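Read through the structure below, which is laid out as structure tokens, and then see the notes.
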Amino acid sequence: MPPQAFLADLRRGRRINVLRRIVQASFTLFCLYSGYRFTLFYLWASGRSETFVSRPPSVEAFLPIGALVNLKRLLLTGQFDPIHPAGLTIFMAALLIALTLRKGFCGWICPVGFASNLAEAAGRKLKLLLTPPAWLDRLLLAPKYLLLLFFCYLILLRMDLAAIETFNSTTYNLVVDAKMLYFFLAPSTLTLWILIALAVLSFFLRNFWCRTLCPYGALLGLLALASPLRVRREEKNCISCSKCDRVCPGAIRVSVKASVLSPECIGCGECVSICPAKECLTLNAPGRRKLPLPALPAAVLTFFFLFYGWALFTGHWHSQVPLEVLQKAYATDLETLQHP
Ligand code: SF4
Ligand code: SF4
Ligand code: SF4
């Protein structure tokens with residue numbers, strides 16, 4: 001398809017799924033590249049390679065629990081985390097995106113969400129995707145909220161400032177990104193079986209990891225309830241084809257709603273894009289003002305890169321930990337290093 005025709009389709013609210021896959025794939029490739037560079041950095045810092053490669057700060061995106069701890073520290077002290085500042089920046093960007101643009105971080109940026117969406121799409125193509133009864137589907141949503149509750153209780157209620165400072169100064173906190181790398185590069189047999197089980201379940205249950213287990217997504221979903229943007233359905237124009245229900249990664253029954261206000265909505269726009277009825281599903285700002293569908297990803301990406309630019313120019317992107325300190329910390333046996 002010529003690019004002009006694709007852009008014209010996008011303006012009409014069509015083909016948002018193609019745009020989404022391109023954006024998600026770009027972030028995923030960037031994350032894989034960062035992971036590769038971080039592996040090289042780790043090999044150098046732990047004395048297993050002579051070749052120095054600078055540490056990519058973006059790997060800290062995978063440390064949301066530490067970021068929550070340090071968001072609390074920021075609110076209590078006004079001080080930004082000097083150890084994993086990029087992690088805190090990305091976390092804050094995701095929270096702000098959720099508050100204003102639904103779970104746009106999940107729908108457009110997160111590589112784990114992308115993998116989950118791909119497994120779902122493959123499951124649908126292979127006719128493996130199941131539709132659990134409503135009661136079971138609701139039950140499947142619960143674990144992520146329980147995990148979120150657990151982390152909020154531990155971090156927001158139980159950890160005072162002294163406990164946060166103690167945690168931040170541990171070797172564990174310094175090497176937590178390398179520990180995560182080790183978790184995936186040298187998984188235990190149990191880890192491997194859990195990963196296989198999660199992957200297999202993702203072919204049968206829509207967006208399984210995100211909808212059932214991810215506490216980060218649960219937090220973003222709750223914040224997104226405050227978002228002023230939402231998908232609305234004009235009932236008189238609906239032809240009840242259920243196409244919107246079938247494509248929704250959040251398994252929301254869009255076809256029976258006047259307005260989608262669900263913590264499962266990731267702002268992907270796929271329901272709007274696929275709806276065959278004229279003026280039926282639309283993306284709306286407050287006051288029922290209709291917005292062009294591509295405005296949502298454009299705003300999500302703008303917010304995200306504004307945060308990145310701000311962090312870069314204010315010195316809140318690169319870790320302040322000296323390389324010699326990291327080298328010493330990475331000499332620790334990661335396998336035996338336990339959470340303090
Ligand atoms: S729910 Fe979690 S894993 Fe899924 S896209 Fe959102 S943040 Fe990523
Ligand atoms: S309701 Fe629409 S925008 Fe929200 S997750 Fe479902 S398909 Fe995407
Ligand atoms: S895709 Fe559009 S017309 Fe079809 S059920 Fe959904 S809202 Fe109605």
Side-chain angles (χ1 to χ4, degrees), residues 13-14 16-17 19-20 23-24 27-28 31 61-65 67-68 90-91 93-95 97-98 101-121 141 143-145 147-148 151 198 202 206-225 227 229-284 291 293-297 300 304:
R14 303 291 167 216
I16 205 81
N17 55 337
L19 179 68
R20 195 162 86 90
V23 174
Q24 287 178 303
F27 276 103
T28 304
C31 282
F62 293 90
L63 309 173
I65 297 169
L68 180 60
I90 294 168
F91 187 64
L95 299 188
I97 289 172
L101 302 164
R102 310 223 62 85
K103 279 163 80 176
F105 179 80
C106 296
W108 292 88
I109 295 174
C110 178
V112 184
F114 179 48
S116 189
N117 291 167
L118 287 185
E120 176 197 335
L141 296 178
K144 65 175 186 277
Y145 292 111
L147 285 169
L148 176 65
F151 287 121
L198 289 175
S202 302
R206 213 182 286 211
N207 232 349
F208 176 68
W209 167 261
C210 300
R211 293 187 73 242
T212 302
L213 292 169
C214 179
Y216 195 175
L219 173 63
L220 298 181
L222 293 178
L223 293 178
L225 292 175
S227 164
L229 294 193
R230 69 198 48 167
V231 169
R232 284 188 190 278
R233 186 178 68 100
E234 201 61 64
E235 198 181 343
K236 64 180 189 312
N237 297 336
C238 177
I239 56 169
S240 303
C241 64
S242 297
K243 283 188 174 178
C244 49
D245 301 347
R246 283 197 289 275
V247 293
C248 178
I252 299 164
R253 291 203 58 209
V254 184
S255 65
V256 296
K257 298 200 182 300
S259 155
V260 177
L261 181 64
S262 159
E264 299 310 317
C265 176
I266 59 173
C268 65
E270 297 206 10
C271 53
V272 179
S273 185
I274 204 162
C275 178
K278 207 160 178 253
E279 295 293 311
C280 180
L281 282 185
T282 45
L283 176 69
N284 285 249
L291 295 178
L293 199 48
L296 197 143
V300 168
F304 190 77

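Read the numbers this way: they start at 1 and go in the same order the structure lists the ligands and their atoms. Start at 1 with the first residue, then count along the sequence. Only a predicted model underlies this, so the values are computations on that prediction, with no experimental measurement involved.
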Using a strict 4.0 Å cut-off to heavy atoms of Arg233, name the atoms of ligand 3 that fall inside it. 7 (S)
Trp209 neighbourhood, listing ligand 1 atoms whose heavy-atom distance to it stays under 4.0 Å: 3 (S)
Backbone of Gly250 reached by a side-chain donor or acceptor of Arg206 within 3.5 Å: no
Here the pair of heavy atoms bringing Phe91 nearest to Leu68 is CE2-CA, 3.8 Å
Of all heavy-atom pairs between Ile97 and Val300, which one has the smallest distance, and what is that distance? CD1-O, 3.7 Å
Identity and distance of the protein heavy atom lying nearest atom 2 (Fe) of ligand 1: Cys214 SG, 2.3 Å
Less than 4.5 Å apart, any side-chain heavy atom of Glu235 and any of Arg233? yes
Can I get a per-line list of side-chain donor-acceptor pairs under 3.5 Å for residues 212-223, giving both atom names and the distance, sequence neighbours left out?
from, atom 1, to, atom 2, distance (Å)
Thr212, OG1, Leu140, O, 3.2
Thr212, OG1, Phe208, O, 3.3

For atom 8 (Fe) of ligand 1, what is the nearest protein heavy atom, given as residue, atom name and distance? Cys110 SG, 2.4 Å
Ignoring hydrogens and angles, tell me if any N or O in the side chain of Asn237 forms a donor-acceptor pair with the backbone of Glu279 under 3.5 Å. yes
Just by distance, do the side chain of Ser116 and the backbone of Val112 share a donor-acceptor pair under 3.5 Å? no
N, O or S atoms of the protein lying under 2.8 Å from atom 4 (Fe) of ligand 2: Cys265 SG
Specify the protein heavy atom at minimum distance from atom 6 (Fe) of ligand 1: its residue, its atom name, and the distance to 0.1 Å. Cys106 SG, 2.3 Å
Can you count the protein N, O or S atoms that lie less than 2.8 Å from atom 4 (Fe) of ligand 3? 1
For atom 4 (Fe) of ligand 1, what is the nearest protein heavy atom, given as residue, atom name and distance? Cys210 SG, 2.3 Å
For a quick test of reading the model, state the closest non-hydrogen atom pair linking Pro297 to Leu19 and the distance between them. CG-CD2, 4.2 Å
State whether the side chain of Ser227 and the backbone N or O of Leu229 hold a donor-acceptor pair below 3.5 Å, judged by distance alone. yes
Ignoring hydrogens and geometry, is there a side-chain-to-backbone donor-acceptor pair from Asp245 to Val254 under 3.5 Å? yes
Got Cys275 and Cys244 here, is their nearest side-chain heavy-atom distance under 4.5 Å? no
Val112 heavy atoms, cut-off 4.0 Å: which ligand 1 atoms fall inside? 3 (S)
Could you tell me if the side chain of Trp108 sits less than 4.5 Å from the side chain of Phe27, heavy atoms only? no
Enumerate, atom names and distances included, each donor-acceptor pair closer than 3.5 Å involving a side-chain atom of residues 259-272, sequence neighbours excluded.
from, atom 1, to, atom 2, distance (Å)
Ser262, OG, Glu264, N, 2.9
Glu264, OE1, Lys144, NZ, 3.4
Glu264, OE2, Lys144, NZ, 2.9
Glu270, OE2, Arg20, NE, 2.9
Glu270, OE2, Arg20, NH2, 3.1

